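Right, one structure below, let's go through it.
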Amino acid sequence: MDKTYSPGEIEERVYRQWEANGLFAPAGSGPPYCIVIPPPNVTGTLHMGHAFQDTIMDALTRFHRMAGDRALWQPGTDHAGIATQMVVERQLNGEGRTRHDLGRDAFTARIWQWKEQSGGTIARQMRRLGASVDWSRDRFTMDPGMSRAVQEAFVRLHEQGLIYRGKRLVNWDPVLKTALSDLEVQSEETDGSLWHIRYPFADGDGHVTVATTRPETLLGDVAVAFHPDDERYRGFAGRRLTLPLTGREIPLIADDFVDRAFGSGCVKLTPAHDFNDYEVGERHGLPLINVLTADATIGDAAPARYHGLDRVTARRQIVTELDAAGLLEKVEPHRHTVPKGDRSGAVLEPWLTDQWYVRIAPLAEPATRAVEDGHIRFVPSNWDKTYFEWMRNIKDWCISRQLWWGHRIPAWYGPDGTVYVARSEAEARERHGIAPGVPLVQDEDVLDTWFSSALWPFSTLGWPDRTPELAAFYPTSVLVTGFDIIFFWVARMIMMGLHFTGEVPFREVYVHGLIRDHEGQKMSKSKGNVIDPLDIVDGIGLEELVAKRVTGLMQPKLAPAIERGTRKQYPAGIAAHGTDALRFTFASLATQSRDLSFDLGRVEGYRNFCNKLWNAARFVLMMTEDPADPGPESPTPYDRWIRSRLAATIATVREGFAQYRFDQAAQAAYEFTWYEFCDWYLEFSKPVLQTPDARPEEKRATRRALLETLEALLRLLHPLMPFITEEIWQMVGARAGKSGASIMREPYPAVSADAAAPAVEAEVRWVMDFILGVRRIRGELDIPPSVPFALRLQNASALDLERLARNEAAIRRMAGVSGAMPLAAGEAAPQAAAAHVGDLGILVPMAGLIDVDAELARLDKRRVKLEQELARARTPSSATRASCRMRRRRWSPRNRSACLSSSVNWRNLPNNRSG
RNA sequence: GGGUGCUUAGCUCAGCUGGUAGAGCGUCGCCCUUACAAGGCGAAUGUCGCAGGUUCGAGCCCUGCAGCACCCACCA
């Protein structure tokens, strides 16, 4: 084995071997276990959140595969309608063209081409991360099979009356020129104004004043409303107003939705451009006057002089005109929320259009019940509250989008405008008896991306066909996802899954937190704090990192700040840490918290952990033989101890996996590996294996324990650190008596009933405390490890002496002790430093070991120095920042005594310490 | 307005059904002791947001307060 662990070479080679040997496909006859991947955008790249999520899914899959389950991790990618279309449109814009220059067919062809070109990136990244997905089952949401599922679902829902077409207000994105669902609307707090406008009575004197944030919609006003109980306006009911600037007459009506306390207590009603007004309008039978066009300019329904003006210009002009006419009472600053498109960032318009909707209530009801009844369990459980909250208030889902990239809606229109929904034009004709000569035109719109995503758990397994995979793996075992898409995706999968299969799509939903940067900030391109997970794995130079962060920025002016920040934070770029270290970091980050701060320092720590494991393996290989010496074996207490500790660790790690507490699993495995196996057991093994006088049967037993513990540890760690464990296992497995070809298919470690050995643990604990006590004295007295010394023992019980005798070799070697003699009865304790294990006093006599006078002088010197520091601390102006920090810690009133007195238990030293 | 979280060591976070506060990174000594300096040995560090309460005992349970974060929502 190489002296240093170098992940890069190992990882790529090992993955190739796994894949070549077909180890990712479900195998065996165990119970099925299945995770479907949340499909990333096919043309995108994986970010830290994906890498984190993939680590968890892979760990679960590997864990269950090793536990004997027939494990399938189903991979795939999403066509990501709007996002992908926008990317390609931007490319076209760069060439000075628009999608309309190409036309629909050429444009979608171009997106397909882009998909082919960039679609491999994610697969490459996933391979580098060690994802054990079954690549043979890879799916894309626009594959023929997936498209068929989408069509089938649409047609069936339509037949069942659960999909309908309707003309109503939708959230309209005037930049993308498409409808959006409620979920795609981002409310943003904005500083705006509240304009108070006078609406004169049509029949003579007087006016009412309305307050609005959107004066330009005045052109579409059809009424003004006040609260029926409002004394100020009660007498005005039924009177008519003259709508300013247009001369149109509109009624003054009463409706209790009006908030009397807001503004003047009067509201202008624009049913065609406001959701609220729309509802009031329906109640009162008011007309709809649509004054906006698709790109949010003023249209034909308004007076001609406003035609073609965009929203902002129109607003300015109207306010000016109102003011000139003396109708503008006042303008107040007003903070309010403005709806924006989550992709385009454009201010959305409620706009009247024909769209397709899913009638959601009948679907939501069983979906809510499935969680209430525990058929689906959220982990952590409190997410079900969020789910219920949303499900209770859910509204019909607008699924049509005026885009070109996506699943075309399977509906055809006859010449008279009649709609025929069918799986194909041929089916539409056949079912409705439409003659071949009659032209049918397919609906131009495509479906919301999330429509196909909602079918993902069963469409990937072959639905609507009854495939063996669907039978075996559906319902899937667990969905691993972030809380940000509970509504977008989780809830919709539950609704569709239950509706189309009669079963839940997954039994558990593990909701993980979101990866943020080391300061807890959301990672985003514009903040310049994104890290490509593979840059942590393989490393990246500073210049390349800077270039990566500043190119393709939406706001190029941020580049200098991002560059500065990057250079400051990573002056030497990012070192290569390897996949296993990154994965282990993700696992240890997987707490129940919803924000997970990612700190590169932690990856470093876990890379060191990999190195530690690597070197422990080297040691084990150096200390053991292949084939093993076949003689009789007699286990030492340490052999039995490490087996007992391993058993306890296995239990904790398994528990961690079962509870989705990967942080606990990782920590338990880490602590066992480093603090028990390496720090103690390997050291205990040395006196047994490296001294000629140890018994051969003990050597054999220790070699076996060394190999078996390491081998089991590798299996224990494998789901979290697949590469290094496989690499080492290939060298250790056979020697430990394993014949399998890969650790991937070895059984996950189980707790053997006879491993726990409390009595042995107690004795080894005693030995460890003894050694620790001596080491502490050594450290306090600054006695170098190379200088051995003899101990005297105080209050030694018979058990202490037995234990000492049994463990003498270990104590001699690990504490650097040359001997330990109990004090005789009545013998006075010598001048010594002492430590305690229970009642036993461990004395390190000073005589001959240290020059007492010299030691006192040394301590005195230290005291003087500390006192000087203390004095200086009282005049902080002269202090540097660093020493200030040091002093604060050292010399806070709490710590002062601790700093002055040693933690060593001083005995029999002259009282007069200052000498 | 409604909802959900969070506040523990310098930093990032664990702490399960209440029982003497933990990890990683960082800090301070001493060591290149043949598995590992990406290391070893040792050390320091917390009025567990604030105020009450329940309890023999509270970081954990209850009440109130403060600060922070996120989600949802049609007050023009």
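Quantities reported herein were computed from a predicted structural model and do not represent experimental measurements.
- Close to G39(B), at under 4.0 Å from its OP1 or OP2, lies a side-chain N or O of N608(A).
- Under 4.0 angstrom from either OP1 or OP2 of A35(B) there lies no side-chain N or O belonging to K3(A).
- Between D255(A) and R283(A) the shortest side-chain heavy-atom distance falls below 4.5 Å.
- F609(A) comes within 4.0 angstrom of nothing in the nucleic acid, heavy atoms only.
- For an aromatic pair to be called close, the ring centres must be under 6.0 Å apart, and F262(A) with H334(A) satisfies this.
- Under the Watson-Crick and G-U wobble criteria, each requiring two contacts below 3.5 Å, nucleotide G59(B) is left unpaired.
- The distance from atom CE of M768(A) to atom C1' of C41(B) is 14 Å, rounded to the nearest whole Å.
- Counting only heavy atoms from C-beta on, R661(A) has its side chain closest to A14(B) among A14(B), A38(B), G42(B).
- Shown here, C36(B) forms no base pair; nothing in the strands shown gives a Watson-Crick or G-U wobble contact with both key distances under 3.5 Å.
- With a cut-off of 3.5 Å on both pairing distances, the Watson-Crick or G-U wobble partner of G29(B) is C41(B).
- At whole-Å resolution of the value, CD1 in I536(A) and C1' in C25(B) are 15 Å apart.
- The nearest whole Å value for the distance from the CZ atom in F598(A) to the P atom in C25(B) is 14 Å.
- For the P atoms, the distance from G5(B) to U63(B) is 13 Å, rounded to whole Å.
- Atom P of C13(B) sits at a distance of 38 Å from the matching atom of C32(B), rounded to the whole Å.
- In this structure U7(B) sits in a base pair with A66(B), meeting the Watson-Crick or G-U test at under 3.5 Å.
- Base pairing annotation: A73(B) forms no Watson-Crick or G-U wobble pair, as no partner gives both donor-acceptor distances under 3.5 Å.
- The separation of G59(B) from U7(B), taken at their C1' atoms, amounts to 12 Å, rounded to a whole angstrom.
- Residue contacts for W195(A): at a heavy-atom cut-off of 4.0 Å it reaches no nucleic acid atom on any strand shown.
- Atom name P, nucleotides G18(B) and C11(B): the rounded distance is 30 Å, in whole Å.
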* To do: Evaluate the criterion ring-ring contact (aromatic ring centres under 6.0 Å, His included) for residue pair F598(A) and F52(A); output intermediate values, then yes/no.
  => CA-CA 10 Å; F598(A) 184 88; F52(A) 171 64; 9.5 Å; no
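- Checking S593(A) against L772(A), the closest nucleotide of RNA chain B that is more toward the 5' end is the one next to S593(A).
- Out of A14(B), C13(B), G42(B), the shortest distance to the side chain of S597(A) is found at C13(B).
- With rounding to whole Å, F672(A) atom CZ is found 20 Å from G22(B) atom C1'.
- Summarising the geometry, the separation between CD1 on I515(A) and C1' on U12(B) is reported as 12 Å, rounded to the nearest angstrom.
- Using a 4.0 Å heavy-atom criterion, one finds that K612(A) contacts the bases of the nucleic acid, with or without backbone contacts as well.
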* What's the verdict on salt bridge (Lys or Arg N to Asp or Glu O under 4.0 Å) for E349(A) and R214(A), showing C-alpha distance, side-chain angles and the deciding distance? -> CA-CA 11 Å; E349(A) 287 294 344; R214(A) 301 208 54 194; 2.8 Å; yes
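- Atom-to-atom, OH of Y660(A) to P of A14(B) comes out at 20 Å; the value is rounded to the nearest Å.
- Under 4.0 angstrom from either OP1 or OP2 of C25(B) there lies no side-chain N or O belonging to R602(A).
- G18(B) makes up no base pair with any nucleotide shown, lacking Watson-Crick or G-U wobble contacts both under 3.5 Å.
- Straight-line distance from the CG atom of L589(A) to the P atom of A23(B): 18 Å, rounded to whole Å.
- The aromatic ring centres of Y387(A) and F487(A) sit 6.0 Å or more apart.
- Between D595(A) and R516(A) there is a salt bridge, since at least one side-chain N of the basic residue sits less than 4.0 Å from a carboxylate O of the acidic one.
- With both pairing distances under 3.5 Å, G46(B) is matched to nothing as a Watson-Crick or G-U wobble pair.
- Within the 4.5 Å cutoff, side-chain heavy atoms of R775(A) are placed close to those of M814(A).
- The gap from the C1' atom of A9(B) to that of C70(B) amounts to 27 Å, rounded to the nearest Å.
- The pair E332(A)-K330(A) counts as a salt bridge, with a side-chain nitrogen and a carboxylate oxygen less than 4.0 angstrom apart.
- Rounded to whole Å, the distance from CD1 on I394(A) to P on G2(B) is 23 Å.
- The same atom, C1', is picked in A21(B) and in G1(B); the two are 40 Å apart, to the nearest Å.
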* Structure fact -> Its contact letters, B for base, S for sugar-phosphate only and - for none at protein heavy atoms under 4.0 Å, make nucleotides 70-76 of chain B read BSS-BBB
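- For the C1' atoms, the distance from U4(B) to A73(B) is 15 Å, rounded to whole Å.
- When the C1' atom is compared between A44(B) and G22(B), the two are found 16 Å apart, to the nearest whole Å.
- Here W674(A) reaches the OP1 or OP2 of G40(B): one of its side-chain N or O atoms lies under 4.0 Å away.
- Using a 4.0 Å heavy-atom distance criterion, C610(A) is classed as making no nucleic acid contact.
- Distance from the side chain of R776(A) is smallest to A43(B) among A43(B), A35(B), A38(B).
- For R607(A), the listed nucleotide lying nearest its side chain is A38(B); candidates were A14(B), A38(B), G42(B).
- Electrostatic pairing of K340(A) and E184(A) does not count as a salt bridge here, judged by no charged N lying under 4.0 Å from a carboxylate O.
- Aromatic ring centres of F662(A) and F657(A) lie closer together than 6.0 Å.
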